[in-house]
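Each chain gets a letter, A, B and so on, in the order the sequences are listed, and its residues count up from 1.
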Number of protein chains: 2
Amino acid sequence: MMKNSFKSVIPETTLRRMVYYIRCLNSFKKEGVELIQSEDIAKKCGVKSSIVRKDLSYFGEFGVRGKGYDVASLLDTINGIIKTFGQMNAILVGAGKLGSAIIKHSSENFNVKIVAAFDKDKRKVNKIIEETRIYPLSEIEGIVREKKVKIAIIAIPPSDVQSVVDILVKAGIKAILSLALIPINVPDDVEVSFVDVLSEVEFLFYKLSLRRNR
Amino acid sequence: MMKNSFKSVIPETTLRRMVYYIRCLNSFKKEGVELIQSEDIAKKCGVKSSIVRKDLSYFGEFGVRGKGYDVASLLDTINGIIKTFGQMNAILVGAGKLGSAIIKHSSENFNVKIVAAFDKDKRKVNKIIEETRIYPLSEIEGIVREKKVKIAIIAIPPSDVQSVVDILVKAGIKAILSLALIPINVPDDVEVSFVDVLSEVEFLFYKLSLRRNR
DNA sequence: TTGCTCTTGTTATCACAATCACATAGTATA
DNA sequence: TATACTATGTGATTGTGATAACAAGAGCAA
């Protein structure tokens with residue numbers, strides 16, 4: 001069996017930073033910049049240049065020593081490895097305030113596209129937010145299969161989370177981003193991550209509080 | 001000079017988990033549970049019991065071997081160390097969809113309270129969202145000083161970020177949570193962290209994409 | 001070709017976090 | 001009081017990521 005050219009295990013932290021690097025590269029490309037150095041990316045992303053080089057090295061050797069990286073070909077190569085090709089379709093469950101804000105946010109961001117939203121509240125069904133239609137939960141499975149969506153964002157009350165997750169998993173969703181902070185049970189092949197503004201704020205409070213105690 | 005009882009350097013990851021533990025303890029307390037074991041906290045927070053014990057041990061010895069932890073006294077002790085005492089006041093800059101969603105979210109969560117919101121759009125000024133009034137940016141400094149707020153959440157377009165951050169720092173804010181993903185310049189004594197739903201989604205895409213390549 | 005400059009790619013080291021395994025110290029029972 | 005039992009607290013180990021420092025490679029000029 002042939003091995004891929006890039007290292008098979010890429011650190012999570014590297015993958016997280018790749019998001020910024022790629023945005024940064026796209027922005028350089030748009031500005032017409034053709035050649036850049038690790039230092040340029042580093043400054044724009046707020047990290048050290050040695051980290052940028054190390055991160056890129058997990059994927060292969062793309063630069064020219066003494067010169068730097070060719071923006072266009074670096075982008076092409078990375079896009080060839082991480083096969084998203086710019087367009088990333090996801091669905092959203094929960095079209096409350098937070099959910100709507102995410103739809104709006106994504107409509108302004110060309111990368112992630114919310115192709116369908118779902119809500120259990122019948123009054124919200126069939127409404128359209130920024131070109132995204134809201135469907136009843138019963139249509140999750142059909143739409144996920146039809147559009148071959150692999151990622152779901154859930155912005156629903158904690159009490160509804162596990163039952164919705166079960167529907168999503170059954171429908172074939174392979175990664176879930178939850179905005180509610182309760183543990184989720186999924187099969188091993190489903191990725192889960194959490195984002196919560198308020199617990200991040202609490203964390204900052206703790207940090208400040210302990211800092212003063214030192 | 002007297003040293004505190006707890007270790008002076010508590011890992012970031014531990015501090016992040018403390019947020020969950022404390023929520024979990026409060027929930028146990030509300031249910032009337034008086035005695036718990038590390039295993040109970042672990043299950044509820046989705047981590048391993050050995051991590052719970054290790055995390056707590058950074059703050060001191062609170063448990064009774066063979067028995068477990070007394071919920072009330074554990075909460076009291078931790079609250080005595082992390083001096084937030086339940087109420088955590090913060091301000092919010094940017095009262096768009098995302099900002100409003102955060103205000104609503106925090107009004108449902110008893111821990112973090114948004115005491116004032118700010119927006120540069122004059123049409124939004126003086127509106128009230130869930131009991132939180134919106135002020136013009138010019139009033140940031142006065143209100144921050146008056147209410148002694150130390151933490152700010154910013155939900156504004158990237159292009160406005162640095163100028164608002166400068167105002168916040170000048171006003172005495174000591175921690176900033178930004179929902180826009182661009183680097184921020186602050187003095188060393190100001191903590192900064194970032195939360196962005198869409199880049200987390202992109203990260204998940206990358207992860208799935210690479211997984212299939214293995 | 002040689003030598004100089006520049007920036008990459010990588011190695012070696014350090015720092016930090018997760019995990020395990022068990023000694024320890026308490027409870028409960030007879 | 002002795003014995004069994006239980007869950008904590010922690011030292012040792014492993015694993016992972018960040019950092020620094022430098023060798024290697026490419027361009028360029030004389």
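- Inter-residue side-chain proximity for A:His105 and B:Val197 is flagged as unmet; no heavy-atom pair is nearer than 4.5 Å.
- The CZ atom of B:Phe59 sits 17 Å away from the P atom of D:dT8 (whole-angstrom rounding).
- The OH-P distance, from A:Tyr21 to C:dT8, rounds to 13 Å in whole Å.
- For the pair A:Lys44 and A:Phe28, the cation-pi criterion (under 6.0 Å, within 45° of the ring axis) is fulfilled.
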Along nucleotides 22-27 of chain C, 5' to 3', which nucleotides get a B, which get an S, and which get a -, given that the test is a protein heavy-atom distance under 4.0 Å?
-> --BBBS

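- Distance B:Met18 CE to C:dA17 P: 15 Å, rounded to the nearest Å.
- Residue B:Ser38 has its side chain nearest to D:dT8 when only C:dA17, D:dT8, C:dT8 are considered.
- At the phosphate of C:dA18, OP1 or OP2 sits under 4.0 Å from a side-chain N or O atom of B:Thr13.
- Listed for the B:Ser100 side chain is a donor-acceptor partner under 3.5 Å among the backbone atoms of B:Gly96.
- In this structure, the CG atom of B:Leu15 is 14 Å from the C1' atom of C:dA17, given to the nearest Å.
- Nucleotide C:dG9 holds its P atom 8 Å from the CG atom of A:Leu56, rounded to whole Å.
- For A:Gln162, the CD atom counts as densely surrounded, since its 6.0 Å shell holds more than 12 non-hydrogen atoms of other residues, nucleotides or ligands.
- The closest donor-acceptor contact from the side chain of A:Gln37 to the backbone of A:Lys67 lies under 3.5 Å.
- Separating the CD atom of A:Glu61 from the C1' atom of D:dA24 is a distance of 10 Å, rounded to the nearest angstrom.
- Put simply, CG on A:Asp40 is 14 Å from C1' on C:dC6, counting in whole angstrom units.
- Where A:Gly68 and A:Lys54 meet DNA chain C, the nucleotide closest to each residue was compared, and A:Gly68 sits on the side nearer the 5' end.
- Nucleic acid contact for A:Arg17: sugar-phosphate only, since backbone atoms but no base atoms lie under 4.0 Å from a heavy atom of the residue.
- Checking the phosphate oxygens (OP1, OP2) of C:dG9, a side-chain nitrogen or oxygen of A:Tyr69 falls inside 4.0 Å.
- At least one side-chain heavy atom of B:Val190 sits less than 4.5 Å from a side-chain heavy atom of B:Pro187.
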Check step by step if salt bridge (Lys or Arg N to Asp or Glu O under 4.0 Å) holds for B:Lys150 and B:Asp189.
-> CA-CA 12 Å; B:Lys150 294 293 168 217; B:Asp189 67 333; over 6 Å; no

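- A:Glu39 comes within contact range of no nucleotide atom at all, as no heavy-atom separation falls under 4.0 Å.
- Between A:Asp55 and B:Ser50, it is B:Ser50 whose nearest contact on DNA chain D lies nearer the 5' terminus.
- At whole-Å resolution of the value, CG in A:Asp70 and P in C:dT8 are 13 Å apart.
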